[in-house]
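For reference, the structure is listed below as structure tokens.
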There are 2 protein chains.
Amino acid sequence: MANIRKISELAGVSVATVSRVLNNPSTVSEETRNRVIQVIEEMNYVPNSIARSLTTNRTSTIGLIIPNILNPLYPSIAKGVEDVFYKKGYNILLSNTEYDAKREKACIEMLLSKKVDGLIICSSALKNTEFNIITKQKVPFVLLGDYVEDSDINVVYTDYLLGAYMATTHLIKAGYKTIAHISGPMNRRVSIEKLEGYKKALCESGYKYDDEYVITGNNQIDGGHLALKKILKKKGKPDAIFVANDLMALGAIEAIKVAGYTVPGDIAVVGFDDIDVASLVEPKLTTITHPVYRMGLTAARLLLDNVLTEEEECFKQKIFIQPMLKVRKSCGYDNRIEEIFS
Amino acid sequence: MANIRKISELAGVSVATVSRVLNNPSTVSEETRNRVIQVIEEMNYVPNSIARSLTTNRTSTIGLIIPNILNPLYPSIAKGVEDVFYKKGYNILLSNTEYDAKREKACIEMLLSKKVDGLIICSSALKNTEFNIITKQKVPFVLLGDYVEDSDINVVYTDYLLGAYMATTHLIKAGYKTIAHISGPMNRRVSIEKLEGYKKALCESGYKYDDEYVITGNNQIDGGHLALKKILKKKGKPDAIFVANDLMALGAIEAIKVAGYTVPGDIAVVGFDDIDVASLVEPKLTTITHPVYRMGLTAARLLLDNVLTEEEECFKQKIFIQPMLKVRKSCGYDNRIEEIFS
DNA sequence: GTGAAAGCGCTAACAA
DNA sequence: TTGTTAGCGCTTTCAC
């Protein structure tokens with residue numbers, strides 16, 4: 001492979017001049033520049049980014065850490081992130097963590113050792129102290145869908161508690177009496193907040209909270225399926241369920257059908273995320289919607305600002321996004337309203 | 001940030017010894033080794049991968065090039081690839097190309113300049129000559145879902161022509177007379193082969209091929225929607241449609257409903273890919289299934305062999321995968337059979 | 001078992 | 001405008 005010295009020799013100039021043509025073309029006379037460019041093209045020369053990174057201390061690479069690319073939420077986020085960074089000449093180094101805190105830590109360590117210019121971390125289980133490892137290396141990062149009190153950390157956050165509250169309240173208003181909850185992995189702040197929102201809604205309406213009606217799932221389809229079966233076994237049929245994400249909601253609906261019940265007739269379901277599929281399944285899923293692709297964009301832009309800033313210290317932001325309730329069929333709201341008013 | 005020299009000074013040894021502890025612990029006496037390890041841990045030292053890469057000429061990074069992460073096909077593939085490579089200590093550098101040949105070329109160039117150890121390229125529009133750029137740099141790569149005659153190229157390939165043939169033949173056997181086709185972008189070999197399979201099936205059954213019944217879409221939901229509207233406008237209602245991928249099939253079904261027709265009653269639909277959603281929508285989508293996650297795994301393993309091989313030349317493989325027809329509701333086969341036999 | 005030193009390919013400060 | 005040269009942080013010969 002050709003390197004910069006070879007090019008410089010062929011063009012009859014110094015390596016510095018070749019480097020200038022590459023990085024500051026205007027500082028080289030037109031004549032020399034053209035000669036160098038010609039050699040570069042003839043030789044199909046492409047500079048070695050690794051060597052460049054070693055001197056510049058920049059890699060034009062961003063690390064993206066997500067729990068599981070198979071959850072349609074994350075491709076949307078990844079697309080948002082990539083759409084921003086591709087334009088600026090950055091690549092994305094992707095890692096799945098499978099909701100495993102150990103693996104999360106290992107990924108971050110790998111990405112840091114590869115000297116990414118920035119990091120976007122989705123739904124992490126890391127402690128505040130662990131973010132210090134990143135901060136200490138002066139690598140800017142953004143937490144996406146996760147929240148940390150520390151004011152020195154960038155956050156793009158949906159108000160999950162509110163979303164869960166809205167979902168549960170909606171079920172209460174529709175007249176359901178026994179409302180179960182399938183939660184996500186409990187080492188995630190996101191899951192805890194959704195549970196809190198669920199509790200808050202119950203409490204405000206004078207419903208009794210019963211933790212036997214709360215089952216934890218793995219955020220995937222099969223987890224929802226399993227969780228629903230557990231609920232049926234343990235407590236019998238609830239009227240309604242608020243499920244912490246759409247994927248599990250789909251699994252739960254499947255399990256409800258398998259058990260011989262109908263949705264929403266026997267059990268109403270509300271999910272969370274509003275993934276594309278939600279409006280395609282039967283019955284169409286009532287869910288909490290938040291602008292996932294846009295959150296990816298937002299996090300990326302926020303990070304980009306921090307990456308490009310020369311100053312050591314730059315302003316950190318916490319961006320909150322308000323979720324919305326999307327009423328479709330699976331919550332049986334329409335039917336209920338008729339019942340209530342007839 | 002601590003570097004290897006600092007560690008060596010603190011441990012009272014040379015940098016070479018620290019490097020040995022890191023890479024060949026057994027060549028260092030236990031006493032020295034422990035002392036070095038202790039310093040490393042105290043300082044939270046993590047070696048700089050960039051510097052390491054510059055000397056070793058290996059980055060432990062694999063480039064993955066896909067058209068669009070929002071098509072659920074590709075997260076599955078990405079998961080397969082990552083599952084293999086994560087275990088071996090590699091990271092994945094991900095690029096979306098948006099089915100754009102220019103962007104594909106640019107991505108490959110970027111990834112090569114970042115010195116990835118290997119490359120997995122999905123559904124490319126590159127010419128044979130362009131693969132030589134990669135070969136010349138001695139970077140092993142695998143084509144996934146694409147095919148090139150050159151015997152010196154690794155390929156993991158579904159027999160798309162056969163799949164399309166199966167889909168179309170199925171519609172013919174079900175008794176449909178006017179069968180349209182929504183194809184993918186025609187700069188993709190995959191799309192061309194599917195069209196060929198469609199033609200072959202028509203031809204063998206004595207149907208006349210009419211290219212006015214073939215509309216090209218963008219492989220996304222909206223593309224299917226649009227394509228269907230075009231067909232209706234141009235040629236009126238066909239009996240059935242074979243759609244080149246499931247995403248477009250979903251869009252087409254939507255458009256059919258909007259136009260006031262039913263699926264499969266008025267227009268039968270068969271897709272291609274068998275993405276998860278296919279079995280969740282209403283009507284459930286009849287489609288051609290191929291083991292996407294497994295293809296990702298397979299491509300990754302194949303690449304891994306090539307990456308790990310010290311020898312310049314290693315055996316290249318072409319792995320063919322046979323697709324299968326998955327009959328669900330959208331093709332109306334059941335109804336037809338009843339009609340035919342009653 | 002350990003250390004000294006060359007060098008990976010590039011950038012950037014300084015000199016000319 | 002151009003060239004010389006010192007690193008960037010590591011691995012890897014080659015001595016000892």
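A, B, ... follow the sequence lines: proteins, then strands. Residue 1 opens every chain. Not measured: the values here are computed from a predicted model.
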Considering all heavy atoms of both residues, which atom of B/Ile121 and which atom of B/Ile134 are nearest to each other, and what is their separation?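 Looks like CD1-CD1, 3.8 Å.
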Tabulate below the donor-acceptor pairs under 3.5 Å that side-chain atoms of residues 84-91 of chain B make, not counting sequence neighbours, or state none.
from: B/Asn91; atom 1: OD1; to: A/Lys114; atom 2: NZ; distance (Å): 3.0

Quick one: how far along DNA chain D does chain A reach, first to last nucleotide 5' to 3', anything under 4.0 Å to a heavy atom?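 Contact span on the strand: D/dT1 to D/dG9.
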Going by the rule side-chain contact (heavy atoms from CB on, under 4.5 Å), which residues pair with [X] if we only count those two or more places apart in sequence or in a different chain?
X	result
B/Ser53	A/Ile50, B/Thr59
A/Leu126	A/Glu104, A/Lys105, A/Ile108, A/Ser124, A/Glu130, A/Phe131
A/Ser191	A/Pro185, A/Met186, A/Arg188

Between B/Gln317 and B/Asn154, does a side-chain hydrogen bond (donor to acceptor under 3.5 Å, both in side chains) hold up when you go through it step by step? CA-CA 5 Å; B/Gln317 296 183 37; B/Asn154 284 309; 6.0 Å; no
Tell me the interatomic distance from B/Glu31, atom CD, to C/dT2, atom C1', rounded to whole angstroms.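 Those two atoms, CD and C1', are 13 Å apart.
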In residues 106-114 of chain A, what residues come within less than 4.0 Å of DNA chain D, judged by heavy atoms?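 Result for residues 106-114 of chain A: none.
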Distance (rounded to the nearest 0.5 Å) between B/Ile66 CD1 and B/Leu144 CG: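 Answer rounded to 0.5 Å: 10.5 Å.
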Which pairs, with at least one residue in residues 12-47 of chain B and sequence neighbours excluded, count as a ring pair (Phe, Tyr, Trp, His ring centres under 6.0 Å)?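 Passing the test, one end in residues 12-47 of chain B: no pairs.
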For A/Asp83, enumerate each residue passing the salt bridge (Lys or Arg N to Asp or Glu O under 4.0 Å) test, keeping only those at least two apart in sequence or located in another chain.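 For A/Asp83, the residues satisfying salt bridge (Lys or Arg N to Asp or Glu O under 4.0 Å) (neighbours in sequence not counted) are A/Lys79.
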How would you list, by chain and number, every residue that makes a salt bridge (Lys or Arg N to Asp or Glu O under 4.0 Å) with A/Glu109, sequence neighbours excluded?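 For A/Glu109, no residue satisfies salt bridge (Lys or Arg N to Asp or Glu O under 4.0 Å) once neighbours in sequence are set aside.
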Reading nucleotides 4-11 of chain C 5' to 3', which nucleotides get B (base under 4.0 Å from a protein heavy atom), which S (sugar-phosphate only), which -? B--BBBBS
For the helix from C/dG1-D/dC16 to C/dA16-D/dT1, measure the angle between the helix axis at one end and the axis at the other, each built from five pairs, rounding to 10°.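 Helix axis angle between the two ends: 40°.
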Counting just side-chain N and O atoms, does B/Ser29 come under 4.0 Å of either OP1 or OP2 of C/dG1?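 Indeed not, no polar side-chain atom of B/Ser29 lies that close.
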Should A/Val142 and A/Val155 count as side-chain neighbours, where that means a heavy-atom distance under 4.5 Å?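 Not in contact.
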Look at all strands and tell whether B/Ser53 reaches a base, only sugar-phosphate, or nothing, counting heavy atoms closer than 4.0 Å.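 Contact class for B/Ser53: none.
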Just checking, any donor-acceptor pair under 3.5 angstrom between side chains of B/Asn219 and B/Tyr99?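 Short answer, yes.
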With sequence neighbours excluded, give me every side chain to side chain donor-acceptor pair (under 3.5 Å) pair touching residues 5-16 of chain B.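 Output for this query lists B/Ser14-B/Thr17.
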